[in-house]
Chemist: 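Please find one structure pasted underneath; my questions will follow.
Every heavy atom of this structure was used, including side-chain atoms; hydrogens, water molecules and symmetry mates were not. All ligand and atom numbering here is 1-based and tracks the order in the structure. Note that the numbering runs from 1 along the sequence shown for the chain.
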Amino acid sequence: MRPRITVVGSINMDLVFRTPRMPATGETLHGHDFHQIPGGKGANQAVAAARLGADVTFIAAIGDDGFGEFSRNCLQAEKINLDHLTTVKGVATGVAGILVTDSGDNSIVLAAGANASLSPSQIDAASQTISTAQVLICQLETPLETVTRAIQIAHAQGIKVILNPAPARALSDDLLKQVGYLIVNETEAAQLSGIAVTDQESAQQASQKLLQRGAGCVLLTMGGNGALITEQAGSQFIPAIQVEVVDTTAAGDTFVGAFAVGLASGMSILQASTEAQYAAALTVTKLGAQTSIPQLHEVRDFMASRSTFLKSN
Ligand code: RIB
């Protein structure tokens, strides 16, 4: 049986400029080139989970424009269930303007468009789907009240809840108590814990604070510095997988999607996180969001080439 995962989240068309460096305020800079690539944190996480072997249902919204149609076609091609994908009339599809530098770093500006229209009533209409999945994944590019409603339904039914609180914003302890797995980067961990994350020690302190606030398990991803898993029982550090960095866009999303598949397949948190690290590492070796998310066989081959200690299903 393939694991069943529901994703609630955003769809964006990514307008990507590759540039030698970030422009300064007021500066006009020649970039290398421009690409239109399907993205959005929700869509990326749904695509990652689908490519890595899950049956995915995606609850989301697009505008009635060309970007929306293109995004829908891309998701359809991934065999993602789109029964709860809504087209909002007279509204633009979400767009992300992304600058990617030669060192692979990125800066992103969002125009939410239809993502801002995703409503709690659409979640209610999909409650059966949420309740029969093994895992729910949410992020924060859609309204918080909508994300909250999805988490409430899943939590009440004993479904595993993953929240990737990106972009970072304040969240209540009440919401965090319903989150089994909080997947954060350094910025999000700092925003939610009030502790700046600069090294492993501060990462542990911030993670402990997030556990105290109610999260069941905290996975703090730190890019090239590895990841830290913290539960009540203690912390475990996973080293980063070293690769040549082309573009870090969607590495975090791939980690989330891959971790969800591992969790839904019955893996331990450590094993699911380790596989997610390998999948995310592959993502940074290519340009773009959904153009860089690996297929299952690519992750398996990569793991076999780097390590032999993890099982292959
Ligand atoms: O996490 C990467 C994603 O963030 C991009 O695809 C962009 O659309 C923004 O949502």
Chemist: Counting each atom of ligand 1 from 1 as listed, which ones have a heavy atom of Ala96 under 4.0 Å away?
Modeler: 7 (C), 8 (O)
Chemist: Taking the basic N atoms (NZ, or NE/NH1/NH2) and the acidic carboxylate oxygens, is any pair closer than 4.0 Å for Arg4 and Asp55?
Modeler: no
Chemist: Using a plain distance cutoff, I'd like to know if Ser10 has any nitrogen or oxygen under 3.5 Å from a nitrogen or oxygen of ligand 1.
Modeler: no
Chemist: To the nearest 0.5 angstrom, please state how far the CD1 atom of Ile98 sits from the CG atom of Asn12.
Modeler: 8.0 Å
Chemist: By number and element, which atoms of ligand 1 are closer than 4.0 Å to a non-hydrogen atom of Asp253?
Modeler: 1 (O), 2 (C), 3 (C)
Chemist: Which of parallel (below 30°), tilted (30 to 60°) and perpendicular (above 60°) describes Tyr278 and Phe302?
Modeler: perpendicular
Chemist: How close does the nearest protein non-hydrogen atom get to atom 3 (C) of ligand 1, and which residue and atom is it?
Modeler: Asn44 ND2, 3.6 Å
Chemist: Please tabulate, one pair per line, all N/O donor-acceptor pairs under 3.5 Å involving side-chain atoms of residues 156-167, not counting sequence neighbours.
Modeler:
{"from": "Asn164", "atom 1": "OD1", "to": "Gln45", "atom 2": "NE2", "distance (Å)": "3.0"}
{"from": "Asn164", "atom 1": "ND2", "to": "Ile183", "atom 2": "O", "distance (Å)": "2.9"}

Chemist: Report, in ascending order of atom number, the atoms of ligand 1 lying under 4.0 Å from any heavy atom of Gly39.
Modeler: 6 (O), 8 (O)
Chemist: If you have a sec, work out which protein heavy atom is nearest atom 4 (O) of ligand 1 and how many Å separate them, to one decimal?
Modeler: Lys41 NZ, 3.1 Å
Chemist: Could you tell me whether Lys286 and Glu244 make a salt bridge, using a distance below 4.0 angstrom between a side-chain N and a carboxylate O?
Modeler: no
Chemist: Give me each pair satisfying side-chain hydrogen bond (donor to acceptor under 3.5 Å, both in side chains) with a member in residues 31-41, each pair once, sequence neighbours excluded.
Modeler: Arg18-Asp33, His32-Asp102, Asp33-His35
Chemist: Say whether Ile108, considering both its backbone and side-chain N or O atoms, lies within less than 3.5 Å of an N or O atom on ligand 1.
Modeler: no
Chemist: Can you find an N/O atom of Asp14 closer than 3.5 Å to an N/O atom of ligand 1?
Modeler: yes
